[in-house]
Amino acid sequence: MFDFKPIRKKSPWILHYNAGSCNGCDIEILACLSPKYDIERFGVINTGNPKQSDVFLVTGPVTFRSRERLIELYTQMPEPKVVMAVGSCTCTGGVFRDMYNVEDGLDRYIPVDVYVPGCASSPELIIDGLVKALEILESKTKEIEKPFKLFRNETNKDGVVNRRNSALKVGEEIDDEEN
Amino acid sequence: MTTYSILIIAPLFFALAVLIGGLRVRNILTVVFVLVLAGASLINIFVETSTLQTSLSHSFHNLFILLDSLVLIYFLWQGIIKKHNFVTFFALLQMMLYAAVVFFSPSTTSSDILIDNISSIMYLVINIVGGTIIVYALGYIESEKFSRFKKNGFIALLFFFLSVMNFIVSTNNIEIFFLLFELTTLCSYILIAYRGDEISNENALKALWMNQIGGLAILIALIVSITQYDTVYFDMLISSINELYLLPIVFLAIAAFVKGASIPFDKWLLGAMVAPTPVSAILHSATMVKIAPYLMLKLAPAMSGFVSVTITLIGTFVFFSASLLALSKDYFKEILGLSTIALLALMMALAAIGTDEAITACLVLIVFHSISKALLFLQAGILEKSFNLKYVNDINGLINHSPLVVFFIVVGFASLTLPPFGAFVAKFMAIESIANEISNNPLYALALIFIALGSVFLTLLYFKVLTKLLAKDVSQEKEVHVHIPKLFTIPSFILLFLLIIGIYVIFEKEFLSSVQIFVPMILISVVPLLFATLLFKKAHRVKEYYCGEKEEVQLNMYYFDIPRNYKKVITAVAIVLIFILILGAML
Amino acid sequence: MIEIILIALAPIIGGLIYGLERVVRARMQNRKGPPILQPFYDMLKLIDKQAFIVNPYHSILGIMHFVTLWVVVAFVILGQNLLYVVFLHLLSALFLIIAGFSVKSIYSHIGANRELQAMIAYEPILIMTAVGFYMINGSFDISIIRESSPLLLSLPLVFLAFLMIIPIKLKKSPFDATEAHQEIVGGVEIEYSGIFFEFLYMSKWLEYVFIYLLLILFAGNSQILGAVLSVGVFLLVNLVDNSTARIKMKHLIKIVLGIGLTLSMINLIGLSYV
């Protein structure tokens, strides 16, 4: 069987999601795509579509309003996938840590592979993080990766995984944990 | 007894037979009768291949004159009691002209009945497609709130209509043609007004007076033909025609425009939508409007130069504008109606070009248009009866409730636009025959543009309608299927079968090579299924992407805002073109 | 034999053109750009990804689109009837459109509708081009068109009209509203993923092959002119792509139909007088 794993890191398509960021990191991510840094030379395309992406770039400290969408987008990404937390807020909550409407970092909800610090993280750092992420991507399997919260496991009789309702709304979370 | 007389006379008896009897007897009888008619039309094309000519005796002619007078008197009576000035006026005018025609009728005779290849093909269309629609009507009419007699009468009228249509495509005498033309007008008048409510009556009267204009045009053509060429027969008129004096041909062509509901005479066909759906189906596919291209085909050998170019231009212009106007419509039957108008105009344009290729294209289009349109109208009827839907925008995710109906609608639309179906072949040949003509007359380049644009607008129109049908709802696990009566689905299956036979015929007649038809068909159907079986098992099922939101979305169809004044401009242009046609032929 | 090899390799040739184009575009923007083989890396990666299905019809129709397009390219290479090829190409476009309508997704629907509208723009011009070839050679057969003397001289205006539709088919600015990656996330292709998206990705390459094969027909039997034309048009299309902004569908239809049809009609009428 042909080994696809080395190919993976040659064509990382990214999905960029702003989970309540101040837009500082977002601008830096866009700067990476510009002629000066040109991450397209690694084969990167900013798809904007979870179903065709490999790398999930998240910025922002994950606000209350954004977490359902975060999970929804995460479950809609096909495996193998890597998650990059870009910016201090996304890694730890940053200056927003312990605020009433903030979830203190991305890793409370979904497994994070690469943390890129900085407020805002510079394009060089992001590129560095991306290269790290690609190494991790190479070692991943096609096993389904689950978020820590707001997730329901479902397969039908034939063993086909049903992801249609796997991302839950916030209210539904409690029932699921009881089961 | 020859087959054509069976085809003409038998439906009259059938009509009487189905009038009496209960539901069961009537249904069985109807199916048998339809089989007889279809069989006779098949025998006619396969066994009696030669051209057939006969004359009718003098007493028949007197009978026809009597019938014609009765029909005209009935029109006059209807005009008076319904207080419709147009109908009264046209009926009176027709009476006067008809009297003149009968009075001056020349003594030269030719055969009254002439059955050639075109007639044989028309028999097939009328009896097989028309018969299928009658079978469908059996189920449909039972769900209406009519008395038993009126329900049976509906079926009887449809049989009568078939008889008239069978006669009209076998006659060679323009006087008899006029009588039958008026009889189809009468039939459609009664059928459109069948529900008896106010809108039905109004639209029936509209259909009546507009079709009377067609009758009038035939009478004028008759008078001109009698005075100039001293004949009332198609074949004599065509063989003795003088290229500089084509006025009778032009007036007959105008009669065809009226019957074919070409713009500016389009109102009556769109008004006919109020009738029960089998009426629309039979008017749009097998009968009535098909007189128009048939008449044009009959006249094609006599057309030349100016008349031919102008009729082609009118036809292609109407093809383009009707499909453009249909883009803003929402009523399913109206969309189908406007596309009928468009395609009929294309058929007439093709017939007017008159080259062998164009005439073949026209015939192919007649046959396949009627099958596809019948199929689509049957689905429109099913939507009305089983789902209570009339407007396309109300059809929300029909595929969740009835994949079969959606399948038929998709096939119906595809068969009008896409390879390898018959209508596509006609379009293909139309473009080829017009491309041949451009070097003779640059005006054909305009006709070509109209055809190219019109056909792409039609494609846009059909596939725009699919927007609402196909969107499958994946969040519900259980699908709620709606039961559709067998009498509705079986005729649709028959028409589907006819379409498939059509593909075979196209291959047989070598319009397209086997490589062109079968290789793509097999590849397109087999390879994806192969992949599907391999890939589907491992694939995860997901929802659509809504930017991470979880709310349900409501989908709507696209509308194209066609400004009101376009309609006026188009009508004005069409009227001007027709006047140019008449004036040009006079000078 | 060479035809069969060409048909088999058609997607790969298309992929190379696409890869080269990404490099050329990057160089025009003063960037380094991805390697030329980038499309193939993408392709192999997509095979490896987990596949998602929204509903079965949707996925099958995507594959049908790809197969039909391949058949179209094969027919062009084999020298079949040009008009038939144009209509078969329409069929492949319609498969994609039906696929777009078969899911309950807003972006997919908008994309499919835009594809339909774009069809209004390019379909008549493809037909006019075919008719232009027909009027000169008396046949729609591509094999005959290939053997005639260069047609560019007698069909210069039709050629200009054809140039206008290349950006529509290849989804290039200013006529790329059908895909519109930033507004409607790729339109029709949005719901595809993994190996199913692969088919759509590869049909994009086939689209390149199809368009450039049609373009070479303008050169007739002159291979040098064919090479010059394809390289020239390749550079021109990318230059225009890099230097223009996207225009709305409405303007797209108006511009392409208004200018393109007029040009080709003048050309055809002119031909009838020569």
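Quick caveat, the model's predicted, so the values are computed rather than measured. Below, chain A is the first sequence line, B the second, and so on; all start at residue 1.
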Requested in this report: Ignoring hydrogens and angles, state whether a donor on the side chain of A/N46 or A/H16 is under 3.5 Å from an acceptor on the partner side chain.
Outcome: no
Report task. Could you tell me whether the side chain of A/L130 reaches within less than 4.5 Å of the side chain of A/V44, counting heavy atoms only? Result -> yes
Query raised in the report: Of the backbone (N, CA, C, O) and the side chain (C-beta and beyond), which part of A/I39 lies under 4.5 Å from a heavy atom of chain C, both, or neither?
Result: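 No part of it gets close to chain C.
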Requested in this report: Check whether A/D54 gets within reach of chain C through its side chain, its backbone, both or neither, counting any heavy atom under 4.5 Å.
Outcome: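 Answer is both: backbone and side chain atoms of A/D54 are under 4.5 Å from chain C.
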By a 4.5 Å heavy-atom criterion (distance strictly below it), what part of [X] contacts chain A: side chain, backbone, both, or neither?
X	answer
C/I53	backbone
C/V54	both
C/Y201	side chain

Query - Option in C/P35, C/A51, C/P34, C/S193 with maximal non-hydrogen atom pairs under 4.5 Å from chain A - result: C/P34
Query raised in the report: Who among C/K32, C/E191, C/Q50, C/E189 has the most heavy-atom pairs with chain A under 4.5 Å?
Result: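 Counting heavy-atom pairs under 4.5 Å, the top option is C/Q50.
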Report task. Answer yes if the ring centres of C/F75 and C/W70 are under 6.0 angstrom apart, and no otherwise. Result ->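 No, the ring centres sit 6.0 Å or more apart.
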Query raised in the report: Are the charged groups of C/D176 and C/R246 less than 4.0 angstrom apart, N to O?
Result: yes
Query - Option among C/F40, C/F210, C/Y212 that satisfies the ring-ring contact (aromatic ring centres under 6.0 Å, His included) test with C/W205 - result: C/F40
Query - ring pair (Phe, Tyr, Trp, His ring centres under 6.0 Å) assessment of C/F199 paired with C/H65 - result: CA-CA 8 Å; C/F199 287 106; C/H65 166 67; over 10 Å; no
Query raised in the report: A/W13 ring centre to C/K45 NZ or CZ under 6.0 Å, with the angle to the axis within 45°?
Result: yes
Query raised in the report: Based on non-hydrogen pairs under 4.5 Å, which of A/G43, A/G48, A/S34, A/P50 is most in contact with chain C?
Result: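 Max contact count across the listed options: A/G43.
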Query - Top of A/M77, A/K81, A/R41, A/E40 for chain C proximity - count of heavy-atom pairs under 4.5 angstrom - result: A/E40
